[in-house]
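Notes follow the structure.
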Number of protein chains: 2
Amino acid sequence: MSQPKYIQVMDFLREDIAGRDPHTPILSEREISQRLDISRMTVRKAIEQLCRQGVLYRGGNRGTFVARRPASVTVSESTPRQERQRVLFLDSVYESANVRDVQKAFGLEDHQRLFRMVRLILDDDLPLRVEEIYALPEVAMDKGLNELETMFQLDACRNAASVTWELRPAVIPPKYSRLLNVRQGTAVICRREEIRMGNGPLYLCVHTWLHPENARITGSSQPQGAATHT
Amino acid sequence: MSQPKYIQVMDFLREDIAGRDPHTPILSEREISQRLDISRMTVRKAIEQLCRQGVLYRGGNRGTFVARRPASVTVSESTPRQERQRVLFLDSVYESANVRDVQKAFGLEDHQRLFRMVRLILDDDLPLRVEEIYALPEVAMDKGLNELETMFQLDACRNAASVTWELRPAVIPPKYSRLLNVRQGTAVICRREEIRMGNGPLYLCVHTWLHPENARITGSSQPQGAATHT
DNA sequence: GAGTGGTCTAGACCACGTT
DNA sequence: ACGTGGTCTAGACCACTCG
């Protein structure tokens with residue numbers, strides 16, 4: 001039993017509904033539980049995941065149903081760890097309208113290349129966001145690929161650096177819609193970050209495409225005066 | 001017991017970590033379970049929710065920690081020169097899919113009415129945002145229209161209250177596209193705020209439709225822990 | 001009344017990290 | 001060795017929907 005049971009149940013359900021029409025009811029939790037001889041709580045966990053992924057949806061107390069979206073694309077295998085990343089590609093870019101903006105931020109001309117790494121961040125099987133990380137070629141090439149991954153531990157990086165960011169409304173780029181498992185034309189939030197070490201020049205520029213459901217942006221503030229401020 | 005226990009646990013945790021520094025460990029699941037006399041599975045559910053919301057994060061088998069403070073403190077919208085408001089209408093609403101969500105937040109049923117005020121905020125003549133402000137009828141009607149305007153001085157209000165917010169990607173509602181002077185179908189960011197006085201019940205709920213160009217959301221953060229100097 | 005999902009319990013074992 | 005989170009069980013009661 002290398003796979004956790006709830007993953008097995010997810011696989012079972014994915015197969016079970018493959019080819020089914022949307023809005024078809026699936027087996028009830030208790031039924032699945034009996035057939036697979038697995039506790040209902042475990043079955044629920046599997047179904048909850050699939051609901052969050054948009055493969056199924058719950059219909060109140062009437063049952064659980066196949067969602068409208070073709071369940072085909074979804075990622076698949078294993079290791080229900082925490083946040084995982086999947087590097088999609090590394091390249092170097094220039095002469096693209098989208099990139100001009102970033103080149104400017106680095107103080108480059110149109111013809112000068114930028115190193116780029118694009119990766120998908122997942123939580124379990126849930127796609128959270130796509131990150132496009134830009135850096136100066138000399139900065140990137142200075143490091144081996146191992147060190148690159150360290151360099152791009154953004155969470156750690158952000159704690160050590162000064163960051164400015166901006167949120168922009170956007171439509172999901174077609175190339176990312178499958179990866180994030182959202183329909184083409186979906187409205188999303190794109191975050192643009194500029195990361196500097198100390199007062200140095202621009203170190204990294206990151207464009208993050210956030211999954212509209214799985215990666216929401218929230219916050220809070222307390223009354224000022226009682227505020228906890230550093 | 002009107003609230004499910006796991007919601008109560010979430011509230012407990014939110015209070016418990018209020019003001020704590022990021023990366024501070026929270027109590028262990030078993031500890032919370034004992035203290036509140038609540039099953040560990042229920043505590044887990046609460047923690048999982050908060051992790052998904054980005055309030056906490058899990059650290060493998062080392063514990064669970066307060067997440068990096070959402071940069072909310074330094075969030076600022078582009079500072080307007082001369083903000084003016086134009087009240088579009090006041091009404092009371094119920095039985096609308098869009099409003100159901102708000103009714104729930106106030107703890108109302110579908111058939112119970114909510115007071116609503118919709119207004120357009122302009123900077124000079126530039127449209128910045130549309131605000132939909134929801135309140136309980138008795139709270140709103142308690143005040144004359146003059147006092148209403150005061151009550152809805154959100155900036156002042158926010159300083160005196162505790163606010164939680166969420167940003168959602170959205171498509172501009174057709175009825176607002178003209179007001180904000182953007183094309184139909186434009187991607188925008190919608191901010192949803194819940195405003196409370198002290199630990200009281202929900203006082204105001206505000207949906208803000210931000211103009212994609214005129215009302216950008218930006219912020220910054222400085223290195224944590226290490227002294228920054230200058 | 002039968003079936004459904006939503007919540008909840010009080011245990012259990014495991015893999016893993018820290019000490 | 002101990003504490004942590006991750007998984008799992010076999011029950012339970014509730015509110016709701018539907019025939």
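Quick caveat: nothing in here was measured; it's all calculated off a predicted structure.
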Specify the separation, in whole Å, of atom [atom1] of [X] and atom [atom2] of [N].
X: A:R44; N: C:dT9; atom1: CZ; atom2: C1'; value: 15 Å
X: B:L50; N: D:dG5; atom1: CG; atom2: P; value: 14 Å
X: B:M10; N: C:dT7; atom1: CE; atom2: P; value: 12 Å
X: A:F65; N: C:dG3; atom1: CZ; atom2: C1'; value: 12 Å
X: B:E48; N: C:dC8; atom1: CD; atom2: P; value: 14 Å
X: A:D37; N: D:dA10; atom1: CG; atom2: C1'; value: 11 Å
X: A:Q34; N: D:dA10; atom1: CD; atom2: P; value: 12 Å
X: A:I32; N: D:dT9; atom1: CD1; atom2: P; value: 14 Å

N/O to N/O distances under 3.5 Å, protein versus nucleotides 12-14 of chain C:
| residue | atom | partner | partner atom | Å |
| --- | --- | --- | --- | --- |
| C:dA12 | N6 | B:R40 | NH1 | 3.3 |

Establish, with yes or no, whether the OP1 or OP2 oxygen of [N] is under 4.0 angstrom from a side-chain nitrogen or oxygen of [X].
X: B:Y6; N: C:dT7; answer: yes
X: A:S28; N: C:dG3; answer: no
X: A:K45; N: D:dT7; answer: yes
X: B:T64; N: D:dG5; answer: yes
X: A:T42; N: D:dT7; answer: no
X: A:K5; N: D:dT9; answer: yes

Select base, sugar-phosphate, or nothing to describe what A:I47 touches, counting heavy atoms under 4.0 Å on all strands. nothing
Are B:K45 and B:V9 close enough, and set up right, to give a side-chain contact (heavy atoms from CB on, under 4.5 Å), and what steps lead you there? CA-CA 9 Å; B:K45 181 158 185 176; B:V9 177; over 6 Å; no
If each of A:I38 and B:I26 is mapped to the nucleotide of DNA chain D with the nearest heavy atom, which maps nearer the 5' terminus, i.e. the 5' end?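 Whichever sits nearer the 5' end wins; that is B:I26.
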Which of the following nucleotides, D:dG6, D:dC8, C:dT9, is nearest to the side chain of B:R58?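 From the listed options, D:dG6 comes nearest.
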Between the protein and nucleotides 17-19 of chain C, are there any N/O to N/O pairs under 3.5 Å, and if so, what are the atom names and distances?
none

Could you go step by step and tell me if B:R192 and B:E166 meet the salt bridge (Lys or Arg N to Asp or Glu O under 4.0 Å) rule? CA-CA 5 Å; B:R192 180 208 170 103; B:E166 177 182 342; 5.9 Å; no
Flag the pair B:Y6 / B:R44 as yes when at least one side-chain heavy-atom distance between them is below 4.5 Å, and no otherwise. no
Student check: side-chain heavy atoms of B:L36 and B:Q8 closer than 4.5 Å: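 The answer is no; the side chains never approach within 4.5 Å.
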Check the orientation of B:Y176 and B:W209. Use parallel for under 30°, tilted for 30 to 60°, and perpendicular for over 60°. tilted
Test salt bridge (Lys or Arg N to Asp or Glu O under 4.0 Å) on B:R196 and B:D11 and set out the steps. CA-CA 14 Å; B:R196 285 159 217 278; B:D11 290 342; over 6 Å; no
Backbone of [Y] reached by a side-chain donor or acceptor of [X] within 3.5 Å:
X: B:Q103; Y: B:Q112; answer: yes
X: B:S39; Y: B:M41; answer: yes
X: A:T64; Y: A:R58; answer: no

Please report the closest heavy-atom contact between B:P169 and A:P212, naming both atoms and the distance.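 Between these two residues, the closest heavy atoms are CG-CB, 3.6 Å.
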